[in-house]
Every structure is written in C-alpha cells, then in structure tokens.
Amino acid sequence: MKIATILGTRPEIIKMAPIIDEISKRGIDQIVLHTGQHYDKEMSDNFFRDLEIPTPDYNIQVGSGTHGKQTGLMMKGIEEVLIEEKPDIVLVQGDTNAVLAGALVAGKLHIAVGHVEAGLRSFDMTMPEEINRRVADIVSAMYFIPTEESAINLLAEGFSHENLIITGNTVVDACFRHLEIAKKRGFEEQSLADLDIENMDNILTLTMHRAENVDVRERVTNIIGALKELSDMNIIFPIHPRTKNTLENFGLFDELNDLDHVHIIKPLGYLDFLLLTSKSTLILTDSGGLQEEAITLDVPALTLRYNTERPETVTAGGNILVGSDKDVILENANRILNDKEFADKMKNAPNPYGIGDSAKLTVDAIEDYYERGLLDIRAPEDIMGSFTRKMATIDEDITVAEFEDKNDSLIHMIFDGEKMRFPADDLKLNGMMITYDKRN
Ligand code: UD1
Ligand code: UDP
C-alpha cells in the first residue's frame with residue numbers, strides 16, 4: 001500500500017505529523033506533497049524540524065495568490081505527482097486550499113480520498129474554509145472525524161455512516177507528545193528569552209489571521225481597542241504574515257506595537273508556541289487549531305469569531321465566542337482574570353477531541369480498508385439496487401450492527417429523545433427512533 005499526504009500550511013503540517021509518523025513506524029510506503037502555500041521558514045520548515053518528520057518528497061511551490069490562481073496551480077501540480085506515484089489513498093487535512101485541490105484531483109483520478117478532520121461545519125459560506133471542507137467531503141471515500149457532533153453534520157447532509165470513522169483529532173496527539181519535549185527543552189526562541197517569558201505572569205497569547213477579521217479595518221480596530229485596555233496582561237502576539245501585511249497597510253501596526261504590554265513577535269516554532277500557550281492565563285484567537293489546543297492544554301479561550309466549526313469547545317465550556325466586539329472581548333477577558341471560579345470552570349472543561357490516539361485509529365482504519373479492497377475505486381458493474389428510506393421506533397434489545405444485518409438495511413439517523421446519535425455498531429437501539437435505508 002502507498003499513502004500520499006497532501007499539505008500546504010502550518011496547521012496541516014502540525015496535524016498530519018502524527019499520522020505521517022505512524023505510517024512510517026508501520027513501514028507503509030508513503031509520499032508527502034507540499035503545495036508551497038506557506039513558504040516562510042517560520043510557517044513551514046520549522047514545523048518539519050520541531051515535529052521531527054522528514055521534509056516533503058515534493059514541493060510544488062504555488063506560493064501566495066488569489067484563491068482561483070492558487071487552487072488551479074495546486075491542482076495542476078498535484079495531478080502530475082499523483083499520476084506518477086499512483087498512491088492507493090490520498091490524505092488531506094482540514095479545510096485549506098490544499099484540501100480542495102487535493103481532494104478534487106484525487107477524486108477525478110479515482111484515487112480514494114481520506115479526509116482527516118472531516119465533518120466540521122461553521123455554516124458560514126462566506127468562509128473559504130467552509131467551501132473547501134464541504135467540497136472535500138463530497139469526494140471523499142474515508143472520513144476521519146474528530147467528534148460525534150461532526151459525524152452528525154455529515155449524516156444530516158445525507159452521508160452514509162459506513163465510511164465515517166470517529167478518531168478524535170490528531171492535534172491532541174501532537175500536543176501531548178510535543179509538550180513533554182518542549183518542557184524538557186525550554187524556550188529556544190530569542191524573542192521569548194528577551195522577554196523573560198519564564199518568569200512572566202498574566203500571559204495572554206494572541207493569534208489572528210482569519211481573512212474575515214484581519215482584512216476588515218473596522219474589526220481589527222475594535223480588537224485593538226480591546227487589547228489597549230487589557231493593560232494588566234502581558235500580551236504575546238506571534239504575528240501571522242497575512243496579519244502583519246494588513247496591519248501595516250491599515251497603518252495600525254505601530255499603534256499596536258508601541259503599547260508597552262503588547263509584544264509582537266514573529267511566528268513561533270511548535271515547541272516554543274506550545275510552551276507559551278501552556279503557560280498562558282488566557283488565549284485570544286481566531287485560529288481553528290488553537291481553539292482545540294486551548295481545551296487540550298486546559299487554558300481558557302476567547303475566540304474572535306461570530307461562529308465556529310468547533311462548537312464542542314463552546315458546549316464543553318472551554319471556549320467563548322466574542323466576535324470582534326470590544327465590549328464583549330473585555331467583559332469576558334476581565335471575568336476570566338478576576339473570577340477564579342469562572343476561570344477554573346473553563347480550565348476544567350472536558351476535552352472533546354480524544355485522548356491522543358487519533359493517528360493510530362486513522363492508520364488502523366486505512367489498513368483495514370486496504371485489506372478489504374475498499375480503497376479500490378472502480379466504476380460499478382452491477383445493476384443498481386434501489387432502496388427505500390423508512391422510519392421506526394425500536395422496542396427490542398438490539399444493536400445497530402444487529403439491526404442492519406437482520407433487516408438488510410443501513411441506519412441513517414438515530415434519535416435518542418431529542419439528541420441525535422451516531423450509528424456506532426455497538427450502540428443499543430431500544431427506545432430510540434431511527435431512519436434507515438432498506439435495501440431491496
Ligand atoms: C491559510 C488557510 C487558512 C489557514 C491558514 C493557517 C486557505 C484558504 N487559507 O490562510 O484556512 O487557517 O492558512 O495559517 O487555504 N504569507 C507569507 N508567507 C507565507 C505564507 C503567507 O508572507 O509563508 C502571506 C502572503 O502575503 C499571503 C498571505 O500571507 O498572501 C495569506 O496567505 P494564504 O496562504 O493565502 O492564507 P492564510 O491566511 O495563511
Ligand atoms: N502555531 C505555532 N506558532 C505560532 C502560532 C500558531 O506553532 O506562532 C500553531 C498552533 O499551535 C496551532 C496551529 O499553529 O497548532 C494553528 O495554525 P493557524 O492558526 O495558522 O491555522 P488554523 O488552525 O486556524 O487553520
């Protein structure tokens with residue numbers, strides 16, 4: 001079996017690293033293709049170093065550009081490599097342009113697509129990421145899904161549960177493994193040493209790069225307004241290149257940088273960043289990955305967005321959406337700083353993203369699919385069977401797998417009272433309402 005991984009940006013490198021590592025430990029043939037969407041050392045090379053994975057076999061160097069140009073160049077480059085390498089499965093992760101390009105190209109070449117971190121939905125179609133993740137889900141053959149909530153998003157869109165595999169999120173694997181390494185090593189980045197970060201209290205780690213925030217002057221101005229008033233905090237801001245550019249273009253960079261309590265530094269490597277976040281009192285961010293890491297590291301997070309495709313972090317109690325509203329940001333930040341009970345409750349929020357075995361579960365499932373011939377994508381040769389969708393309330397002691405077997409059917413949705421459930425094979429159905437597809 002040969003597995004190809006396509007990645008292109010900082011978070012994809014971080015979240016695919018545990019899987020790349022697991023594939024290599026099992027001696028499975030693999031190639032890694034970098035699209036070159038992120039190319040600065042601080043946004044790319046440093047992560048291969050910190051996460052101890054080999055440099056990619058291919059880098060098609062698409063660089064920055066508009067969505068159409070960037071995605072088009074990626075598709076051309078990815079197609080050439082996949083035709084040459086003929087992998088059995090292509091893995092894409094998350095919701096960047098590499099995911100869109102990789103999934104479309106592989107799908108049309110009849111190569112199975114495995115979508116890592118599938119099923120997330122912000123329900124905000126103005127986000128490029130929402131378009132990317134939805135399109136990737138349409139063409140995927142295997143779905144590696146972080147939580148039951150994300151699996152239910154896919155069921156609600158009509159996907160069959162057969163290929164939905166709940167794995168947790170590989171960010172937990174990366175976090176647990178590398179935080180230990182980071183703690184042993186200590187801070188390496190000079191800018192953090194200069195700030196004497198080891199001995200600093202009241203750290204607020206800030207990241208923002210989301211187009212809908214940093215490309216909109218009014219939103220950035222509101223956020224900066226809140227930062228100015230948080231003068232009891234030491235705000236550490238490893239700045240994303242996109243944000244540096246837009247702050248400079250808006251003439252706002254110096255105004256922020258001149259504040260004594262705000263320290264703008266270049267993007268950090270993974271080990272330094274993990275150590276910084278784990279020492280923080282509060283995380284203020286619009287990052288997807290950081291919402292997950294905050295709840296994994298037991299640090300309260302305020303998310304500078306009006307919606308999130310990670311609602312589990314909010315319902316678990318570790319994350320609050322504050323948009324870019326100055327008053328809402330300040331009210332919540334001050335509550336976390338001054339109300340210990342409130343802050344402790346956020347810190348103790350249960351982590352919905354698993355226990356750090358996500359890479360193992362992902363590669364287990366790929367090996368199983370390969371052995372059962374399910375990665376072999378062929379045009380159908382049997383006359384299409386039809387099915388009828390039915391509904392039933394179950395009043396017998398029966399599991400999902402038993403019901404499906406007995407009734408030659410596939411369960412689509414399960415309602416446990418008002419709560420939707422994922423049709424896991426061993427889930428007991430007594431007392432639940434189901435919809436199912438009866439095969440004829
Ligand atoms: C991309 C992803 C986003 C992800 C983020 C992770 C898409 C649509 N967006 O957004 O989902 O959350 O990566 O960080 O795929 N730049 C540099 N050096 C670099 C890379 C970028 O200077 O190494 C600058 C360029 O001016 C570029 C801008 O940053 O135009 C934006 O980069 P781009 O890759 O288009 O989007 P991100 O905002 O990084
Ligand atoms: N990160 C990092 N250094 C930094 C800022 C972030 O290593 O200076 C890591 C962070 O730990 C997280 C990931 O980058 O795992 C998040 O990437 P980003 O916010 O760029 O993208 P998103 O997750 O929003 O797609």
Side-chain angles (χ1 to χ4, degrees), residues 7-18 34-47 49-51 61-71 74 92-102 117 120 122 127-133 135-136 169-175 178-179 182 189 191-192 205-215 236-249 264-278 280 283 285-294 296-297 299 301 303-305 308-310 353:
L7 43 74
T9 65
R10 169 169 75 185
E12 293 165 88
I13 305 168
I14 294 168
K15 288 177 171 178
M16 283 312 291
H34 195 315
T35 62
Q37 178 172 350
H38 282 177
Y39 43 84
D40 289 346
K41 177 164 72 58
E42 292 82 20
M43 298 300 289
S44 179
D45 288 5
N46 288 356
F47 294 93
R49 177 201 67 199
D50 279 6
L51 289 133
Q61 296 186 332
V62 298
S64 302
T66 60
H67 285 275
K69 184 174 166 217
Q70 202 176 50
T71 311
M74 284 181 196
V92 291
Q93 195 284 333
D95 52 26
T96 68
N97 288 342
V99 176
L100 175 65
E117 203 183 73
L120 276 65
S122 68
M127 291 180 72
E129 291 84 2
E130 183 73 359
I131 297 173
N132 292 344
R133 62 171 82 94
V135 174
N169 196 308
T170 54
V171 81
V172 181
D173 307 28
C175 244
H178 294 281
L179 184 59
E189 171 56 43
S191 54
L192 296 177
T205 296
L206 167 69
T207 80
M208 53 173 175
H209 69 280
R210 204 58 56 199
E212 57 275 17
N213 271 337
V214 302
D215 293 359
I236 316 291
F237 183 17
I239 195 164
H240 189 290
R242 174 187 207 110
T243 314
K244 186 158 189 286
N245 291 343
T246 52
L247 287 186
E248 281 168 354
N249 291 340
I264 304 184
I265 56 177
K266 62 182 185 196
L268 293 171
Y270 192 57
L271 299 182
D272 281 319
F273 190 72
L274 266 185
L275 214 45
L276 172 68
T277 45
S278 67
S280 299
I283 288 171
T285 191
D286 62 14
S287 159
L290 206 41
Q291 291 174 64
E292 296 155 349
E293 283 169 345
T296 303
L297 297 168
V299 182
T303 294
L304 297 162
R305 289 178 49 187
T308 179
E309 58 292 311
R310 277 107 175 152
Y353 295 113

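When reading the values below, keep in mind they use all heavy atoms of this one structure, side chains included, and skip hydrogens, waters and symmetry mates. For ligands, and for the atoms within them, numbers begin at 1 and follow the listed sequence.
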(request) Hey, can you tell me if H209 and H240 have their rings parallel, tilted or perpendicular (30° and 60° cut-offs)? (result) parallel
Is there side-chain contact between [X] and [Y], with heavy atoms separated by less than 4.5 Å?
X	Y	value
M43	P241	yes
S64	R242	no
E293	V171	yes

(message) Measuring from non-hydrogen atoms of R210 to any atom of ligand 2, is the shortest distance under 4.0 Å?
(response) yes
(request) Select one of side chain, backbone, both or neither to describe which atoms of P11 lie under 4.0 Å from any atom of ligand 1, heavy atoms only. (result) side chain
For ligand 2, which is the ligand I care about here, please tell me if [X] has any N or O atom under 3.5 Å from one of the ligand's N or O atoms.
X	result
G288	yes
D286	no
V171	no
S287	yes
P11	no
D95	no

Can you tell me which portion of [X] lies within the under-4.0 Å heavy-atom range of ligand 2? Options are side chain, backbone, both, or neither.
X	answer
I14	side chain
F273	side chain
E129	neither

For [X], counting its heavy atoms only, list the atoms of ligand 2 lying under 4.0 Å from any of them.
X	result
G289	22 (P), 23 (O)
L268	2 (C), 3 (N), 4 (C), 7 (O), 8 (O)
P267	8 (O)

(message) Nearest non-hydrogen contact with atom 12 (C) of ligand 2 belongs to which option: R242, E117, E293?
(response) E293
(request) Out of T9, V62, D40, indicate the one that has the non-hydrogen atom closest to atom 18 (N) of ligand 1. (result) D40
(message) For atom 27 (C) of ligand 1, what's the nearest protein heavy-atom neighbour? Residue, atom name and distance, please.
(response) S64 OG, 3.3 Å
(message) Students should be able to answer this: which protein heavy-atom is nearest to atom 11 (O) of ligand 1, and at what distance?
(response) E129 OE2, 2.6 Å
(message) My understanding is that only one of E292, E309, M16 makes a side-chain contact (heavy atoms from CB on, under 4.5 Å) with E117; could you say which?
(response) E292
(request) Report the distance from atom CG of L276 to atom CD1 of I236, rounding to the nearest 0.5 Å. (result) 6.0 Å
